[in-house]
Amino acid sequence: MIEIARPAGDMSRPAVPELVLYQDQIGGGCVRGNAGGGPFKQLSDKGALYLAAPNFANTVIASTYHKLHSLSFPVAHWQDVLDEAGGGSVDDLQLYRGSFHSPAIQSTLRNLWALAEEEGRPSRLLARAAGCEILAELCRLSGAPLISPRGGLAPSTIQCCQELMHARLSEDISLDELAAEAQLSPYHFARMFKQSVGVPPRVYLTQLRMEKACELLALTDLPITDIAIQIGYSSSQVLARVFFKYQHMSPTAYRRAVR
């Protein structure tokens, strides 16, 4: 996920083999061009979404200073998700002609950006899960019938996945690895895990990390930096940000409070 800030003028780009989603962070200006679905000209508003087709040299002109967040999907890596969400090829998406709104996508982008700021570079689990949610919604907005999972995961599968997360708290475990444990595609696994457990895999993994952090703070004298690394965070600062969000106090304050 990239932040782009530019003065008024040409923001065209050459053809790239990626589906690119942009979100306007300011709004208020006139935007015209062609992003792969034909010419458009409109006033943009804060939060508006734009989709640029892969392998198309788009032409876009903005009338005012603009700031965008962008998210790229290499087509070869994400085609399986489009297939499973019922969207087929990227050519079948009907959202390349100007701005659109989606509360679901906007919520996912807010969470993704906030978590990236909290944790630094987004984890593979977070990035893949967010991508699945966004592409499924793009397919739905394009008229594809959304394929919903039937039932949840078997209890034994849930237990295996939970044990794998426990065992690899210090690692950047991916959604694909968890899905392979359940013998499902990442797209279907993410949806069925949430249906079964009540929260997405990423949220569940963070909960496990917070539980382990609390245990280590209470029962050991390990430095907070060591605890952070042991549960999968790059520094004590990252752990402190996430810990405060869940426990409403710093790791140091928690350690003092429970002893």
Side chains of [X] and [Y] in contact at under 4.5 Å (non-hydrogen atoms):
{"X": "N55", "Y": "V16", "value": "no"}
{"X": "V90", "Y": "Y96", "value": "yes"}
{"X": "C132", "Y": "L175", "value": "yes"}
{"X": "F189", "Y": "C161", "value": "yes"}
{"X": "V199", "Y": "K194", "value": "no"}
{"X": "R128", "Y": "S174", "value": "no"}
{"X": "V75", "Y": "P17", "value": "no"}
{"X": "E3", "Y": "Q25", "value": "no"}

Would you name the heavy atoms of [X] and [Y] that are closest together and state the gap between them?
{"X": "Q247", "Y": "C214", "result": "NE2-SG, 3.7 Å"}
{"X": "P39", "Y": "N34", "result": "N-ND2, 3.8 Å"}
{"X": "L217", "Y": "R255", "result": "O-NE, 3.1 Å"}
{"X": "S72", "Y": "P74", "result": "O-CD, 3.7 Å"}
{"X": "A136", "Y": "Y187", "result": "CB-CE1, 3.7 Å"}
{"X": "C160", "Y": "E181", "result": "CB-OE2, 3.7 Å"}

Could you list all the side-chain hydrogen bond (donor to acceptor under 3.5 Å, both in side chains) pairs where at least one residue sits in residues 213-228, not counting sequence neighbours?
K212-E215, D221-R259

[X], [Y]: one ILVMFWY side-chain cluster at the under-4.5 Å cut-off?
{"X": "M210", "Y": "L219", "answer": "no"}
{"X": "I61", "Y": "Y50", "answer": "no"}
{"X": "Y246", "Y": "L239", "answer": "yes"}
{"X": "V60", "Y": "L21", "answer": "no"}
{"X": "M249", "Y": "I224", "answer": "yes"}

Within 45° of the axis and under 6.0 Å from the centre of the six-membered ring of Y233, does NZ or CZ of R209 qualify?
yes

Exactly one candidate in V20, L112, I105 meets side-chain contact (heavy atoms from CB on, under 4.5 Å) with L71; the answer is L112

Would you sort out whether L82 and F73 count as a side chain to side chain contact (heavy atoms under 4.5 Å, CB included), showing the intermediate values?
CA-CA 11 Å; L82 288 169; F73 297 87; over 6 Å; no

Please name all residues satisfying ring pair (Phe, Tyr, Trp, His ring centres under 6.0 Å) with F243, sequence neighbours left out, ordered by chain then number.
Y254

To the nearest 0.5 angstrom, please state how far the [atom1] atom of [X] sits from the [atom2] atom of [Y].
{"X": "L49", "Y": "S99", "atom1": "CG", "atom2": "OG", "value": "8.5 Å"}
{"X": "C139", "Y": "E137", "atom1": "SG", "atom2": "CD", "value": "9.5 Å"}
{"X": "Q94", "Y": "D92", "atom1": "CD", "atom2": "CG", "value": "7.0 Å"}
{"X": "L208", "Y": "I231", "atom1": "CG", "atom2": "CD1", "value": "10.5 Å"}
{"X": "Q79", "Y": "L19", "atom1": "CD", "atom2": "CG", "value": "10.0 Å"}
{"X": "H66", "Y": "M11", "atom1": "NE2", "atom2": "CE", "value": "4.0 Å"}

Which pairs, with at least one residue in residues 22-45 and sequence neighbours excluded, count as a ring-ring contact (aromatic ring centres under 6.0 Å, His included)?
none

Any ring-ring contact (aromatic ring centres under 6.0 Å, His included) involving residues 157-177? Give me the pairs, sequence neighbours left out, ordered by first then second residue.
none

Quick one about H101 and D45 (side-chain donor to acceptor, distance below 3.5 Å, no hydrogens or angles considered), yes or no?
yes

Give a yes-or-no answer on whether the side chains of N58 and S12 include a donor-acceptor pair shorter than 3.5 Å.
no

Side chain to side chain contact (heavy atoms under 4.5 Å, CB included), that's the test. Do W113 and H69 meet it? Break it down for me.
CA-CA 9 Å; W113 193 257; H69 287 168; 3.3 Å; yes

Without placing hydrogens or testing angles, list every side-chain donor-acceptor pair under 3.5 Å for residues 200-207, not counting sequence neighbours.
from, atom 1, to, atom 2, distance (Å)
Y204, OH, Q162, NE2, 3.2
T206, OG1, R202, O, 3.1

Decide if atom CD of Q183 counts as having more than 12 heavy atoms of other residues, nucleotides or ligands within a radius under 6.0 Å.
no

More than 12 heavy atoms from other groups under 6.0 Å of CZ on R168:
yes

Could you walk me through whether Q106 and R110 pass side chain to side chain contact (heavy atoms under 4.5 Å, CB included), step by step?
CA-CA 6 Å; Q106 289 160 328; R110 279 195 304 272; 4.0 Å; yes

Across all chains, not counting sequence neighbours, the side chain to side chain donor-acceptor pair (under 3.5 Å) partners of S235 are Q237

Look at the side chain of T157 and the backbone N and O of L153, then say whether any donor-acceptor pair between them is shorter than 3.5 Å.
no

Check whether S63 reaches the backbone of C30 with its side chain - one donor and one acceptor, N or O, closer than 3.5 Å.
yes

